[in-house]
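What follows is a short report on a single structure.
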Amino acid sequence: MTVSIQREPIDVASEYAQLVGPQPDAAVATFTGYVRDHSDAHAVSQLELEHYPEMAQKVLMALGERAADQFGLSRWRIVHRYGLLDVAETIVWVGAVAEHRGEAISASELMMDTLKTDAPFWKREQGPDGHVWVASKAVDQHRRARWRSEEKA
Amino acid sequence: MTVSIQREPIDVASEYAQLVGPQPDAAVATFTGYVRDHSDAHAVSQLELEHYPEMAQKVLMALGERAADQFGLSRWRIVHRYGLLDVAETIVWVGAVAEHRGEAISASELMMDTLKTDAPFWKREQGPDGHVWVASKAVDQHRRARWRSEEKA
Amino acid sequence: MGITIKLFSSLREVLGESEFEFSLTELDSAVTVAAVKSALSQRGASWQEALNQPNLVHALNHKVVYTDAVVAAGDELAFFPPMTGG
Amino acid sequence: MGITIKLFSSLREVLGESEFEFSLTELDSAVTVAAVKSALSQRGASWQEALNQPNLVHALNHKVVYTDAVVAAGDELAFFPPMTGG
């Protein structure tokens, strides 16, 4: 299945329809992330997403393939934005299709937890005091670590 | 937020758009279940969903409210079909909106695991040997039990 | 004392009824779900068997209960096999 | 030996460069990421500081590596702070 790294907003309805196709498998889980109007500390008016294109493409493909392998997905898709985003715009969308709900839901969670820490994207928030690079969060490292024991060597 | 128990197919794109609204919160998780063309043992050509309308409405509302309370959801929605369904039609759709992805994803999983065993719907499959009532699965009881320790008295 | 009985899924199918009014005139005021099951079981072997299957679920006024729950006049008591929605 | 260096996010911003070719003529063939970092650190205090921040990530040909990874001619070596996508 496929990855899209794009400047354009994510068309969730279209992505969903393409993911499931005309004969859907039994279980479809999706996750969408949107730009918040605040961070922990201050208001946010815009979000800039810098990325490392070639590496991001490879990391997201490997991540989707790992999730498909681990959870027996029949279909999956990862879409990630870059560039300048307004509040309430889409940032990321993942979709996972499987025979059973547990597999689809866990795969979507694995994809999100892993791309947060492993995919080369960097967020810069436009707040009241100018641009601020977003710091990596301990909770994200912790959530990422939950999946590490199940990884292959 | 709301529950719909309906005969009509679920319009996933429309449900999604109504769930998130014009100013989405940061994290949106959804799950959709579709009619499979097979069960563990045989081919399935149609699925009939019987339900207990008044109780189903109450159970699904209580379940959504519990998920909202436990995971701090800003919005949620549960849609469940009844009646005669063809293969590849939608059966169920849940959506959960929260500040953080872990909460949205866990809430969607809680809603699915709990409605499978607690909401008064019964599936009857049309297979090669006629209609067969679907038996309750041990895996569903097991998944349901994971959430029990976190329930309030 | 009159209550409404509802049957769903395989119970409805096997017993050929989905909803009916049921009176328990001979019983005292503290009627339990177990007592209603006993009374209904006297309708015949198919009722006896269907109402004593090990996984039977009892819902009193739309809430799952144990057989020691007390039933009052006007209540709705439903019997059905384990739920299989979703 | 020539390699391509890429810098992202706060490193790119602080150091004012995003991509450049870098030669390590004076080093032998077994050049590590650590050796490249040392060589680049001699460009000045801001380089020294930026390349020695505790959470610096090193990606060699699009793969995260430790500082003992060996760099070959034509490789692409990127430096950046922890990723914050999603």
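Letters go in sequence order (proteins before strands), and every chain restarts at 1.
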> Stepwise, does the side chain to side chain contact (heavy atoms under 4.5 Å, CB included) test hold for Val97(B) with Leu73(B)?
Replying inline: CA-CA 6 Å; Val97(B) 187; Leu73(B) 304 183; over 6 Å; no
No hydrogens needed, just list the donor-acceptor pairs between chain B and chain A under 3.5 Å.
residue   : atom : partner   : partner atom : Å
Tyr16(B)  : OH   : Thr32(A)  : OG1          : 2.7
Tyr16(B)  : OH   : Tyr34(A)  : OH           : 2.6
Ala26(B)  : O    : Tyr34(A)  : N            : 2.8
Val28(B)  : N    : Thr32(A)  : O            : 2.9
Val28(B)  : O    : Thr32(A)  : N            : 2.8
Thr30(B)  : N    : Thr30(A)  : O            : 3.0
Thr30(B)  : O    : Thr30(A)  : N            : 3.0
Thr30(B)  : OG1  : Thr30(A)  : OG1          : 2.4
Thr32(B)  : N    : Val28(A)  : O            : 2.8
Thr32(B)  : O    : Val28(A)  : N            : 3.0
Thr32(B)  : OG1  : Tyr16(A)  : OH           : 2.7
Tyr34(B)  : N    : Ala26(A)  : O            : 2.8
Tyr34(B)  : OH   : Tyr16(A)  : OH           : 2.7
Arg36(B)  : NH1  : Glu99(A)  : O            : 2.6
Arg36(B)  : NH1  : Glu99(A)  : OE1          : 3.4
His38(B)  : NE2  : Glu99(A)  : OE1          : 3.3
Glu99(B)  : O    : Arg36(A)  : NH1          : 2.6
Glu99(B)  : OE1  : Arg36(A)  : NH1          : 3.4
Glu99(B)  : OE1  : His38(A)  : NE2          : 3.3
Arg101(B) : NE   : Asp113(A) : OD1          : 2.9
Arg101(B) : NH1  : Asp140(A) : OD1          : 3.1
Arg101(B) : NH2  : Asp113(A) : OD1          : 3.0
Arg101(B) : NH2  : Asp140(A) : OD1          : 3.3
Asp113(B) : OD1  : Arg101(A) : NE           : 2.9
Asp113(B) : OD1  : Arg101(A) : NH2          : 3.0
Asp140(B) : OD1  : Arg101(A) : NH1          : 3.1
Asp140(B) : OD1  : Arg101(A) : NH2          : 3.3

>> Which residue in the set Val59(B), Leu110(B), Val94(B) passes side chain to side chain contact (heavy atoms under 4.5 Å, CB included) when paired with Leu115(B)?
In response: Val94(B)
> Do Ile5(B) and Val3(B) come within less than 4.5 Å of each other through their side chains, counting heavy atoms only?
Replying inline: yes
> What residue, out of Ala29(B), Pro24(B), Ala96(B), has the most heavy-atom pairs lying under 4.5 Å from chain A?
Replying inline: Pro24(B)
> Counting heavy-atom pairs under 4.5 Å to chain A, which of Gly33(B), Ala26(B), Pro22(B), Gly95(B) comes out on top?
Replying inline: Ala26(B)
> Does the side chain of Phe31(A) come within less than 4.5 Å of Val28(B)'s, by heavy atoms?
Replying inline: no
> chain A heavy atoms under 4.5 Å from Val20(B): which part of the residue, side chain, backbone, both or neither?
Replying inline: side chain
>> Within the 4.5 Å heavy-atom criterion, are Val79(A) and Val92(A) side-chain neighbours or not?
In response: no
>> Is the shortest side-chain heavy-atom distance between Ile91(B) and Leu47(B) below 4.5 Å?
In response: yes
> Which atoms of Val139(A) come close to chain B, meaning under 4.5 Å heavy atom to heavy atom: side chain ones, backbone ones, both, or neither?
Replying inline: neither
> Between Ala67(A) and Met111(A), which heavy-atom pair has the shortest distance, and what is it?
Replying inline: CB-CG, 3.8 Å
>> Please find the pair of heavy atoms, one from Ala13(B) and one from Ala13(A), that lie closest to each other, and give the distance.
In response: CB-CB, 3.7 Å
